Structures are given as C-alpha cells and as structure tokens.
Amino acid sequence: MAFKPLEVGSKAPEFKARDDQGNSVTLKGFRGKKVVLYFYPKDDTSGCTKEACDFRDNYRSFQLKGAVILGVSPDTEKSHQKFKLKNELPFQLLVDEERVLANLYGVWKEKAMYGKTYMGIERTTFVIDEKGIIAYIFPKVKTAGHAQAVLEALRS
C-alpha cells in the first residue's frame with residue numbers, strides 16, 4: 001500500500017495507538033501543543049538508546065517550548081516498558097507492532113545492510129504544530145545532536 005509522501009505544510013495523519021502503559025493515544029488529543037513524533041527502529045539498540053537519551057536529556061527544554069515527545073517503534077508494550085525504565089525516559093513510547101503508524105507516516109521502507117535488503121523503520125522525526133500541521137520533517141536522522149536540531153526547529 002503506497003502513500004503519498006508527507007510534506008511540510010500538510011496535515012499530519014491522525015492516528016490512534018497504545019502507549020507503553022496500554023493507554024490509548026491519539027494525535028487529536030494533543031491539539032494546542034507541538035508534537036515531536038519520532039520514529040526509531042528498535043528499543044535498546046545503541047543508536048535508538050542514544051537518540052532516546054538525547055531527547056530525555058533535553059526534555060525540560062521541549063516542555064518549555066510547549067512540545068510533547070512521542071517515540072514510535074514496532075516494539076511491544078513490554079519492550080517499551082523495559083526500555084523506558086532502564087533509560088528513565090520521561091515521555092510516552094507508542095506501540096506500532098503492526099506498523100500502522102510507520103506506514104501512515106511513510107517511514108516503513110526497504111533498507112540495506114551487509115548486502116541484504118529488508119523492511120524496517122527509517123529513523124525520521126516529524127514536528128507537528130498546535131493545529132496538527134507538519135512544521136518540520138527530519139528524514140534519515142543521525143542521532144548525534146538530533147534533539148538539539150529539533151529544539152532549534154521549535155524556536156523558529
């Protein structure tokens with residue numbers, strides 16, 4: 001199922017998902033706030049841990065900007081709970097086992113490693129404004145300094 005690529009200025013796709021505590025979360029529920037929706041491949045891997053901890057370490061700055069952070073990966077609720085506890089993450093992690101959100105946001109893509117191709121999450125961050133419009137897209141994220149770049153985007 002192919003989706004039209006999302007663009008800055010377009011309406012962010014609405015979604016309903018479970019978080020790491022089993023609570024139902026919708027994008028609509030965050031109207032009036034900026035949402036940092038970041039997709040990452042896997043809990044407790046080196047790059048994903050670095051990215052999550054970078055968001056954690058800058059969490060207060062995001063709050064001061066009126067932004068909420070939502071991490072999304074295909075991991076289970078239990079995996080998210082362990083990852084969150086181990087790294088003291090203060091934000092919600094959304095369960096996307098069926099890759100509904102990943103497909104909706106166009107980040108479930110063919111990847112290549114060691115000469116083999118496979119399907120996986122392309123590390124991507126979306127900044128969604130208070131009205132549900134995509135304000136920024138950070139594709140193919142490199143984890144080093146990413147949270148700071150997202151904070152800079154929130155300033156403008």
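All values below were derived from every heavy atom in this structure, side-chain atoms included, with hydrogens, water molecules and symmetry-related copies excluded. All of these numbers come straight from a predicted model, not from anything done at the bench.
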Treating His80 as the side-chain partner and Leu94 as the backbone partner, does any N or O pair qualify as donor plus acceptor under 3.5 Å?
yes

Heavy-atom side-chain proximity of Phe39 to Ser73 below 4.5 angstrom
no

Backbone N or O of Ala147 within a donor-acceptor pair of the Asn58 side chain at under 3.5 Å?
no

Donor-acceptor contact below 3.5 Å, side chain Arg99 vs main chain Glu97:
yes

Do NZ/NE/NH1/NH2 and the carboxylate oxygens of Arg18 and Glu77 come within less than 4.0 Å?
yes

Intermediate values then yes/no, salt bridge (Lys or Arg N to Asp or Glu O under 4.0 Å), Glu14 and Arg31:
CA-CA 11 Å; Glu14 288 294 338; Arg31 281 297 182 276; 2.5 Å; yes

Ring centroid separation for His146 and Phe55, is it under 6.0 angstrom?
yes

Taking the side chain from Asp96 and the backbone from Ala102, do they hold a donor-acceptor pair closer than 3.5 Å?
yes

Carboxylate-amine/guanidinium contact Glu122 Lys109, below 4.0 Å
yes

Any donor-acceptor pair under 3.5 Å linking the side chain of Asp54 with the backbone of Lys50?
no

Option passing salt bridge (Lys or Arg N to Asp or Glu O under 4.0 Å) with Asp20 (candidates Lys78, Lys82, Lys84)
Lys84

Taking the basic N atoms (NZ, or NE/NH1/NH2) and the acidic carboxylate oxygens, is any pair closer than 4.0 Å for Lys86 and Asp44?
yes

Could you give the distance from CD (Glu110) to OG1 (Thr117), rounded to the nearest 0.5 Å?
4.5 Å

Any salt bridge linking Lys42 with Glu51? Criterion: basic side-chain nitrogen under 4.0 Å from a carboxylate oxygen.
no

